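Take a look at the structure below.
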Amino acid sequence: MEGWIVPPPKEPEKSREEFARERREKVRWLARRGYLRSPRIREAMLKVPREEFIPFLYRDYAYLEVPLPLPGEQATISCPHSYPLFYEPLGLDRGARFLEVGLGSGYGTALAREIVGPEGLVVAVEIDPLTFSFARENLARLGYRDIVLVLGDGGLGHPEHAPFDRICITAACPVVPPPLLEQLADGGRLIAPLREMGVQNLVLFEKSSEGIRREVICRVLYVPLRGEYG
Ligand code: SAH
């Protein structure tokens with residue numbers, strides 16, 4: 001993807017223990033850098049083995065701060081810091097009803113499942129059939145069964161399980177798809193990379209009885225949203 005140098009594919013050599021050590025180091029690094037603050041997000045990142053969501057020939061790079069290619073037309077697994085970057089301002093926590101648009105590898109979905117816990121709900125939508133099956137297999141292999149996985153256009157949301165307390169879009173949108181704002185609960189938050197004046201801003205939206213408040217978090221670089229609102 002533009003903006004990063006993807007390391008060359010190679011047979012993985014690292015052991016489970018090496019990956020576990022890299023995972024703990026990454027969590028410490030994310031906390032030191034201020035990306036990671038809440039204990040539940042921290043626990044989830046310590047628990048979920050990110051290497052299990054990386055295509056075989058890129059697995060050794062699981063904990064590098066680079067996005068890596070995924071099966072499918074235009075999908076990448078985002079770099080490790082982007083998960084707390086999205087989930088901290090979103091205030092993702094125990095018990096939330098969560099919708100993810102852009103399932104990708106399934107890694108962010110697994111983190112969300114750990115964070116919201118059994119009282120919460122996770123619905124994840126992916127538009128690309130190849131990417132979708134990759135994520136579904138990863139999640140099944142790790143024993144995640146209580147996630148609603150949907151193959152389709154996430155811009156349309158998922159009315160069957162609406163309203164959602166938290167919505168996360170992991171592809172760059174020209175505007176927030178209106179169905180997603182409709183399916184957001186009162187007091188709910190939505191976070192998305194938005195294409196604005198030639199750059200991408202990560203924008204947080206909060207819905208209340210007074211309307212919708214927006215706040216720019218930082219510049220980001222994501223693959224474009226496809227489908228009706230892409
Ligand atoms: N969170 C993922 C990021 C994946 S990249 C991860 O870290 O693994 C963005 C993903 O959004 C891609 O898989 C792409 O296929 C998907 N996507 C793009 N447009 C979409 C749409 N309209 N609905 C659902 N998924 C979409």
Side-chain angles (χ1 to χ4, degrees), residues 1 4 6 9 12 44-45 47-59 61-62 66-80 82-83 86-87 90 92 96-116 120-162 164 166-174 176-180 183-184 190-193 200 220-230:
M1 197 175 131
W4 274 280
V6 176
M45 292 201 77
K47 182 165 177 195
V48 179
R50 178 173 161 89
E51 62 277 13
E52 294 290 332
F53 294 87
I54 311 276
F56 185 72
L57 295 176
Y58 293 97
R59 194 155 292 176
Y61 310 124
V66 285
L68 296 167
L70 294 176
E73 237 171 73
Q74 241 187 340
T76 56
I77 177 164
S78 314
C79 39
S82 46
Y83 301 89
F86 279 59
Y87 290 171
L90 198 57
L92 192 60
R97 296 173 65 83
F98 175 67
L99 172 69
E100 180 186 45
V101 175
L103 168 64
S105 61
Y107 173 65
T109 325
L111 289 177
R113 184 67 269 180
E114 297 291 344
I115 297 164
V116 305
L121 168 77
V122 176
V123 179
V125 192
E126 171 59 52
I127 202 165
D128 189 301
L130 269 182
T131 315
F132 180 81
S133 2
F134 178 70
R136 191 174 50 190
E137 281 162 27
N138 294 338
L139 291 165
R141 194 173 58 249
L142 291 169
Y144 289 102
R145 283 182 195 86
D146 50 355
I147 299 174
V148 182
L149 295 177
V150 184
L151 174 62
D153 183 355
L156 307 173
H158 194 62
E160 292 91 315
H161 288 92
F164 298 99
R166 299 290 183 261
I167 299 178
C168 172
I169 310 176
T170 69
C173 325
V176 178
L180 297 181
Q183 291 171 35
L184 191 62
L190 178 153
I191 197 162
Q200 287 183 22
V220 287
L221 193 50
Y222 276 76
V223 300
L225 186 80
R226 294 160 56 185
E228 190 165 331
Y229 298 99

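A quick note: this is a predicted structure, and the numbers were derived from the prediction, not measured.
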Any chance you could measure Y107, atom OH, to L139, atom CG, to the nearest 0.5 Å?
12.5 Å

To the nearest 0.5 angstrom, please state how far the CG atom of L90 sits from the CD1 atom of I191.
6.0 Å

Of all heavy-atom pairs between I169 and L225, which one has the smallest distance, and what is that distance?
CG2-CD1, 4.2 Å

Could you tell me which non-hydrogen atom of D153 sits nearest to which non-hydrogen atom of G227, and how far apart they are?
OD2-CA, 3.4 Å

Start with the C-alpha gap between Y83 and R50, add the side-chain angles, then the distance that decides, and say whether side-chain contact (heavy atoms from CB on, under 4.5 Å) holds.
CA-CA 11 Å; Y83 301 89; R50 178 173 161 89; 3.4 Å; yes

Is the closest side-chain heavy-atom distance between L130 and E73 below 4.5 Å?
no

Without swapping roles, check the side chain of S105 against the backbone of A135 for a donor-acceptor pair under 3.5 Å.
no

Whether E126 side chain and G104 backbone form a donor-acceptor pair below 3.5 Å
yes

Is any side-chain heavy atom of R113 closer than 4.5 Å to a side-chain heavy atom of D146?
yes

State the OG-CG distance between S78 and L221, to the nearest 0.5 angstrom.
10.5 Å

With rounding to the nearest 0.5 Å, note down the distance linking CD in Q74 to CZ in R226.
7.0 Å

Hey, could you give me the CD/OG1 distance between E100 and T170, rounded to the nearest 0.5 Å?
5.5 Å

Heavy-atom closest pair (P69 atom, V6 atom, distance to 0.1 Å) is CD-CG1, 3.7 Å

Sub-3.5 Å donor-acceptor pair from the side chain of R166 to the main-chain atoms of F98, do we have one?
no

Can you confirm whether P49 sits close enough to L142 that some side-chain heavy atom of one is under 4.5 Å from a side-chain heavy atom of the other?
yes

Are any non-hydrogen side-chain atoms of C173 and Y229 less than 4.5 angstrom apart?
no

Check: Q183 side chain, H158 main-chain N or O, donor-acceptor pair, under 3.5 Å:
yes

Side-chain (Q200) to main-chain (Y222) donor-acceptor, under 3.5 angstrom
yes

Go through it in stages, so that I can follow the logic: the residues are V48 and F53, the test is side-chain contact (heavy atoms from CB on, under 4.5 Å), and I'd like the CA-CA distance, side-chain angles, deciding distance and then a yes or no.
CA-CA 10 Å; V48 179; F53 294 87; 3.7 Å; yes

For the student: nearest non-hydrogen atoms of R97 and A162, plus distance
NH2-O, 4.4 Å

Least distance between heavy atoms, A124 atom then L103 atom
CB-CD1, 3.8 Å

Measure the shortest side-chain to side-chain distance between E160 and V123 over non-hydrogen atoms and say whether it is less than 4.5 angstrom.
no

Check against side-chain contact (heavy atoms from CB on, under 4.5 Å), V116 and L121
CA-CA 7 Å; V116 305; L121 168 77; over 6 Å; no

List the steps and the verdict of side-chain contact (heavy atoms from CB on, under 4.5 Å) for V125 and L156.
CA-CA 10 Å; V125 192; L156 307 173; over 6 Å; no

Could you check whether any side-chain heavy atom of P193 comes within less than 4.5 Å of a side-chain heavy atom of F86, counting everything from C-beta outward?
yes

Look up atom CD1 in I115 and atom CG in L92, then write down how far apart they are to the nearest 0.5 Å.
5.0 Å

Report yes if the side chains of P9 and Y58 come closer than 4.5 Å at any heavy-atom pair, otherwise no.
yes

Which atom pair, heavy atoms only, marks the closest approach of L57 to Y61?
O-CE1, 4.3 Å

